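Indexing begins at 1, ligand by ligand and atom by atom, following the structure's order. Along the sequence shown, residues carry numbers from 1. Being a predicted model, the structure only gives us computed values, none of them experimental.
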Amino acid sequence: MAENVHELKVISDERGSLVSIEGGMTVPFAIKRVYYLFKLNDLARGFHAHKELKQFMICLSGSCRVVLNDGRSAPQNIILNSPDRGVFIDHMMWHEMHDFSSDCLLMVLASDHYNESDYIRKYGEFELLTKAVN
Ligand code: TYD
């Protein structure tokens, strides 16, 4: 599942560095929502999958560990510690975020507006649905 990790093009000059993310190009969906997590602590987050939503996660500052689990192969651990790297989280991908540094700023680009009914928050339900499509 290493294909979920994307190196982002950095445009650097003597003034610093810039990363541009374009919906439908850098990320494989039109971006409808942006949210970010900060003031994080030792409590892990996520622990859900989405029925339809696609997301792209970038750690703009600090670091964290993202676990991706498609319900079929072994879960993948990804360390995010650089703003030039992002993780694509497709729909039907169970994801968790752990090990936040105190300065962690985690930005998420999403393909749709917030919709609680798109969440699968019970791992057992996720397992049943992933088995059903195999
Ligand atoms: P949740 O998605 O459970 O957070 P995480 O995946 O980081 O553990 O969301 C936490 C709360 O915030 C929950 O009550 C839903 C709400 N929320 C919104 O209102 N809008 C949003 O765009 C998001 C992502 C969450």
Side-chain angles (χ1 to χ4, degrees):
M1 277 194 285
E3 69 272 16
N4 292 301
V5 180
H6 294 250
E7 301 297 330
L8 300 167
K9 183 181 165 204
V10 181
I11 304 168
S12 294
D13 58 32
E14 65 277 10
R15 299 166 300 169
S17 298
L18 179 156
V19 170
S20 170
I21 299 174
E22 302 200 37
M25 295 172 75
T26 325
V27 296
F29 53 84
I31 300 163
K32 272 204 186 168
R33 173 168 52 114
V34 178
Y35 63 92
Y36 44 92
L37 310 175
F38 59 106
K39 290 189 183 173
L40 299 161
N41 53 42
D42 57 354
L43 298 176
R45 303 191 60 128
F47 296 90
H48 61 256
H50 288 280
K51 294 173 194 162
E52 300 290 344
L53 190 74
K54 296 171 190 289
Q55 301 191 95
F56 193 85
M57 188 175 278
I58 304 153
C59 190
L60 295 177
S61 160
S63 62
C64 68
R65 177 171 58 92
V66 180
V67 180
L68 294 185
N69 181 357
D70 65 7
R72 296 182 293 274
S73 29
Q76 187 191 12
N77 278 274
I78 298 161
I79 304 292
L80 280 184
N81 57 8
S82 174
D84 62 6
R85 172 175 240 228
V87 177
F88 174 57
I89 305 175
D90 208 344
H91 68 112
M92 290 308 287
M93 182 71 83
W94 187 265
H95 53 284
E96 304 169 8
M97 294 86 84
H98 299 260
D99 303 343
F100 303 108
S101 64
S102 56
D103 59 344
C104 182
L105 170 58
L106 195 57
M107 180 177 75
V108 187
L109 313 174
S111 65
D112 212 340
H113 300 297
Y114 172 71
N115 173 11
E116 184 60 37
S117 69
D118 186 63
Y119 279 68
I120 303 166
R121 292 194 183 272
K122 292 189 177 128
Y123 189 76
E125 187 187 338
F126 171 72
E127 261 189 323
L128 282 177
L129 287 168
T130 52
K131 283 193 181 113
V133 296
N134 281 329

Exercise. Which residue, Asp118, Asp90, Ile89, Asp112, forms the side-chain contact (heavy atoms from CB on, under 4.5 Å) with His50?
Worked result: Asp118
Problem set entry | Aromatic ring proximity His6/Phe56, centre distance under 6.0 Å | yes
For this session: Mind running ring-ring contact (aromatic ring centres under 6.0 Å, His included) on His98 and Phe47 for me, showing each step along the way?
Result: CA-CA 10 Å; His98 299 260; Phe47 296 90; 5.6 Å; yes
Problem set entry | Phe126 side chain reached by Lys51 side chain, heavy atoms, under 4.5 Å | no
Problem set entry | Close side-chain approach of Leu8 and Ile58, heavy atoms under 4.5 Å | yes
Problem set entry | Heavy-atom side-chain contact between Val10 and Leu18 under 4.5 Å | no
Within the protein, flag every N or O under 3.5 Å from an N or O of ligand 1, and note the pair and distance.
| residue | atom | partner | partner atom | Å |
| --- | --- | --- | --- | --- |
| ligand 1 | 2 (O) | Tyr119 | OH | 2.6 |
| ligand 1 | 3 (O) | Arg121 | NH1 | 3.0 |
| ligand 1 | 3 (O) | Arg121 | NH2 | 3.1 |
| ligand 1 | 4 (O) | Arg45 | NH2 | 3.4 |
| ligand 1 | 7 (O) | Arg45 | NE | 2.8 |
| ligand 1 | 7 (O) | Arg45 | NH2 | 3.3 |
| ligand 1 | 8 (O) | Gly46 | N | 2.9 |
| ligand 1 | 22 (O) | Arg33 | NH1 | 2.4 |

